[in-house]
Every structure is written in C-alpha cells, then in structure tokens.
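Excluded from the calculations below are hydrogen atoms, water molecules and symmetry mates; all remaining heavy atoms, backbone and side chain alike, are included. Numbered from 1 within each chain, the chains take letters A, B, ... in sequence-line order.
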Amino acid sequence: MEYEGVAVDVEFLKRYSTVLNDELQQVREQIFEQAGVSFNMDSPKQLGEILFQKMQIPSEGKKTKTGQYATDEETLQELATSYPVAAAVLRYRTLQKLKSTYVDALPALIHPRTGRVHSSFNQAVTSTGRLSSSNPNLQNIPIRTEEGREVRKAFVPRNSDFVLLSADYSQIELRLMAALSQDAAMLEAFHQHLDIHTATAARVFGVALDAVSSDLRRKAKMVNFGIIYGISAFGLAQRLGIPRGEAKTLIEEYFKQYPGVQSYMQHSIEQARQRGYAETILGSRRYLKDLHSRNFTVRGFAERNAINAPIQGSAADMIKIAMIRIHETLRQSQSQARLIFQVHDELLLDVPRHEIESVRILVKEAMEQAMPLPVPIVAETGIGNNWLEAH
DNA sequence: TCTCTCACG
DNA sequence: ACGTACGTGAGAGAC
C-alpha cells in the first residue's frame, strides 16, 4: 500500500481551496466586526480573551488544564444560539481545519516521480493492533460533514482504465462482541440480519421493532458504542445529554437484555487482572499493569482497556487476515488490481475496469470469511471514480 | 516540545 | 469523593 500510493486530483483541490478561502474571508470579517477588533483566530488563547473578557460572554468558568479559557467545540456550541459570534467561530474552525489539514496539505505530499501520495502505514504504533497512518494520515479524511466529504472526491483511480473499489465491514466490533460474549440475544439479532441499533432499542425500551423512533435508535446506538468502550454511566450521560441516573437505568436495562455481554465484560476484566494482559482472538496482547492500581481513575482506564482491547484488536486481526489473503490471491491470478489503503474497517483498492466484478467478489468473500465465527460477518462494497462515490 | 483543537474508525 | 467513554495523527500557536 505504501509503495502503490494513491492518485490525487490536484486541480480539484486547488479549486476547492479557493472556494474555502473566499468563505473563510467572509467569516473572518463577520467575527472581527462583532468583536470590534481583529486578532488571530487560530490562537485559542487570543480567541478566549476576546470572547470571554473583551466581549464579556459568560464563560461559566470553563478552563483548560493550563488555565486558559476553553474554546472547544462543545463549549462554543452551547453559546452558539445566544451569541452569533460563537457560531461564526465554529464555522471558521470547520473551514480552516479542512483547508489547512487536507485541501492545502495533500498536493504538497505528492511524490515527484510517481505523481501519487505514499502514506506510511505504521504496524507497531497502536496498543490494540490497529495500523496507524501518517505523512499524510489517510485514516482521518473527512466524511461527516457535507463540506468535508468533498475532500474524498480528490482521491481517484490511477488512470481512466481503473476504478476505486471500497469494501467495509458492517458493525464489525459489535459482531465481535456478540461472538466473544456468546450472548444469545445479540447473536440472534445478527443472525436475523437486523439493524443492531434498532434491535437494541426495541429490546431496551420494550417496543416493537417497527415502533423504534430515530431518537430511541440514536440512544441505543450510543449505548452500543459505549459497551465497546467499556461503558460508564458518567460517560453515557455526557454523550446523551441526560442525567446520570437515567444513564444508569439505561445500562441496567441493556444488561438485562444482553446478560451475556455483562458477564463477558466482567470476565474480560477478571481474566486480564489474573494474566496481566488482555488478548485478541489471534492472541496479541495488551499488558495492563494498572488493573491493580488503588487509584479509581487509573484503574477505571485499565478496566475499560481490558474490555475494548480484545474487541478493537480482534477486528484489526480480522482485517489483516483478509488483506493478506486478498494480496496473495491478486498476486497468484496476476491481477492488476492493488490494495491502496486501509481505514480500520474499510479497504480501498485500485482496480482495472475489466476486473471489477471478480475482484469485488474476491474482496467481499475474503473479508467475510477471514475467521470462523458464530456470527455472520458482512462486508459491503462500492465502486466509483473517486473515493466518495465508491464508499 | 507542549497544548489545544479537531479530523477519522 | 474520586471524575472518564476506546484507538489514532496533524496544524497552529505558545514557549
């Protein structure tokens, strides 16, 4: 993947940079007008002083650990409805991040001889067994906002005879939780090919599947994610913006519905404490000395690591097996298709148009059959003339 | 080099 | 009383 690299549409990025620049200029002027002074908005220190001293916006005492005013997204979001300047700063941040980190940075990283971007995929960085990507990081290219997604259009096939194939695992970590915990209800939901968040909402809130509202699904989704991270009522309450007592009730009901998950989580911590490490399906270890700490916070971190590491790490094991088999099969068949990068649960390949259907099937099968598990594993594929289209 | 912020799974 | 959701990398400012 490092050697192959990925082609980037520089002209597209240059045009988009100009678009972003124009809007940034407008937002900058709005903010300076409301503040009555111009300053460096990229400096959190200056920004905090302007908002909370000069403009007298009530800060509610929120400070960073070094005593500066907090100006992070959560803080500004709370102020945004009452103070238009806060909304404008958020808008500025979104656009500035996009421009500086992605749109303007990528063209500079194109290799002069290959005309492609060759990221590093680091194999010994993370504590869970995932890869990481650097120079540039191709694993954090925007997708969540409309403007951000645009950047993905700049990732293109090597030439017009090729297309991009994207293949991503569906809910891989929750499927692994079902498999590792052997929880009957969670296994059943996946065997029935239900939407897991909807199925969880139906169980936890005691309603029919077709009576699950988007809000109930959203809450169930947060709990499902929380489970993978080693849930706490505090963390869940903060995410959902609900009182801690409510979050606690929600978690209790979750464990009633998925009792196997609860016992698996307890078992994970207990086993890691006895052995000194947590391990993945393939046996790679995360050592967790802090499980014996007398400090509540330190121990809590280690306990959540003991729950999360086998899940996140086994997902990493699985996609690595798939990658090795895909590479081998492509090599043996003298295919011109190439794996070009991995984003934790997604693979991207550059594929000759005439090979597309055979490669699509090969990749999907390799991903879904990487390991024998008591739960169906599903990989979805897409094809396009850029990464956004393919995804 | 550290801090703050924010992009992703 | 304690006080956090798991895993990363990068840009910009401050020092």
> Would you call A:K256-A:E253 a salt bridge at under 4.0 Å N-O?
Replying inline: yes
>> What's A:R93 touching, base or sugar-phosphate or nothing? Going by heavy atoms closer than 4.0 Å.
In response: sugar-phosphate
>> Does anything in residues 262-277 of chain A come within less than 4.0 Å of DNA chain C? Heavy atoms only, and list the residues if so.
In response: none
>> Taking the minimum atom-to-atom distance to the side chain of A:K45, which one of C:dA14, B:dT5, C:dG9 wins?
In response: C:dA14
> With sugar-phosphate meaning primed atoms plus P, OP1 and OP2, does A:G230 contact a base, only sugar-phosphate, or nothing at under 4.0 Å between heavy atoms?
Replying inline: nothing
>> Over all strands shown, is A:L236 touching base, sugar-phosphate only, or nothing at heavy-atom distances under 4.0 angstrom?
In response: base
> Within 45° of the ring axis of A:F301 and under 6.0 Å from its six-membered ring centre, is that where the NZ or CZ of A:R304 lies?
Replying inline: yes
>> Centroid distance below 5.5 Å plus an interplanar angle below 30 degrees: do A:F301 and C:dT4 meet both conditions?
In response: no
> Less than 5.5 Å between centroids and less than 30° between ring planes, does A:F296 satisfy that with C:dC2?
Replying inline: no
> Quantified in whole Å, what is the P atom distance between nucleotide C:dC2 and nucleotide B:dA7?
Replying inline: 32 Å
> Once Watson-Crick and G-U wobble pairs under 3.5 Å are found, how is DNA chain C written in dot-bracket notation, 5' to 3', with | for any base paired to another strand?
Replying inline: .....|||||||||.
> Would you say B:dT5 has OP1 or OP2 under 4.0 Å from some side-chain N or O of A:T75?
Replying inline: no
> Just checking A:M41: base, sugar-phosphate only, or nothing, at a heavy-atom cut-off of under 4.0 Å?
Replying inline: nothing
>> Between A:D42 and A:Y92, is there a side-chain donor-acceptor contact under 3.5 Å, judged purely by atom types and distance?
In response: yes
> For DNA chain C, whose closest nucleotide is more 5', that of A:Q238 or that of A:D42?
Replying inline: A:Q238
> Which hydrophobic side chains are connected to A:Y277, either touching it within the sub-4.5 Å cutoff or through other members that do?
Replying inline: A:Y287
> Whole-Å distance between C:dT8 P and A:Q139 CD?
Replying inline: 11 Å
>> Of the listed nucleotides (C:dG11, B:dC4, C:dG7), which one gets closest to any side-chain atom of A:P44?
In response: B:dC4
> A:T381 and A:L165: side-chain contact (heavy atoms from CB on, under 4.5 Å), yes or no, with the steps?
Replying inline: CA-CA 7 Å; A:T381 60; A:L165 170 69; 4.1 Å; yes
> Rounding to a whole Å, what distance do you find between A:D345:CG and C:dT8:C1'?
Replying inline: 14 Å
>> Does A:R152 form a salt bridge (charged side-chain N to carboxylate O under 4.0 Å, His left out) with A:E389? I'd like the steps, not just the answer.
In response: CA-CA 9 Å; A:R152 294 191 172 219; A:E389 264 182 33; over 6 Å; no
> A:N308 side chain: which of C:dT8, C:dC6, B:dT5 is closest?
Replying inline: C:dC6
> Relative to A:Y69, does A:K62 satisfy both conditions: NZ or CZ under 6.0 angstrom from the six-membered ring centre, and within 45 degrees of the ring's axis?
Replying inline: no
> Checking all strands, does A:N137 fall into the base, sugar-phosphate, or nothing category for heavy-atom contacts under 4.0 angstrom?
Replying inline: sugar-phosphate
> Within a strict 4.5 Å, meaning less than it, do heavy atoms of the A:Q68 and A:K45 side chains meet?
Replying inline: yes
>> From CD of A:Q312 over to C1' of B:dG9, roughly how many Å is that when rounded to an integer?
In response: 8 Å
> Which listed nucleotide (C:dA5, C:dG9, C:dG7) is nearest to the side chain of A:N305?
Replying inline: C:dG7
>> Surrounding NE2 of A:H327 (heavy atoms of other residues, nucleotides or ligands, distance under 6.0 Å), is the total greater than 12?
In response: no
> In whole angstrom, what separates A:L131's CG from C:dG9's P?
Replying inline: 11 Å
>> Assess, by modelled atom type and distance only, whether the side chains of A:S335 and A:E355 contain a donor and an acceptor separated by less than 3.5 Å.
In response: yes
> A:L138 near the nucleic acid: base, sugar-phosphate alone, or nothing, with a heavy-atom cut-off under 4.0 Å?
Replying inline: nothing
>> Base, sugar-phosphate or nothing for A:N295? Non-hydrogen atoms, less than 4.0 Å.
In response: nothing
>> Classify A:E73 by what it touches in the nucleic acid, base, sugar-phosphate, or nothing, heavy-atom distance under 4.0 Å.
In response: sugar-phosphate
>> For a side-chain contact (heavy atoms from CB on, under 4.5 Å) check, start with the C-alpha distance between A:R325 and A:L362, then their side-chain angles and the critical distance, and finish with the verdict.
In response: CA-CA 9 Å; A:R325 293 195 183 148; A:L362 150 69; over 6 Å; no
>> For a quick check, tell me whether the side chain of A:S232 and the base of C:dT4 share a donor-acceptor pair closer than 3.5 Å.
In response: yes
> Contact class for A:R286 (heavy atom, under 4.0 Å): base, sugar-phosphate, or nothing?
Replying inline: sugar-phosphate
>> Mind checking if A:T101 touches a base, just sugar-phosphate, or nothing, with heavy atoms under 4.0 Å?
In response: sugar-phosphate
>> Just to be sure I understand the rule, does A:E173 reach a base, reach only the sugar-phosphate, or reach nothing, if contact means heavy atoms closer than 4.0 Å?
In response: nothing
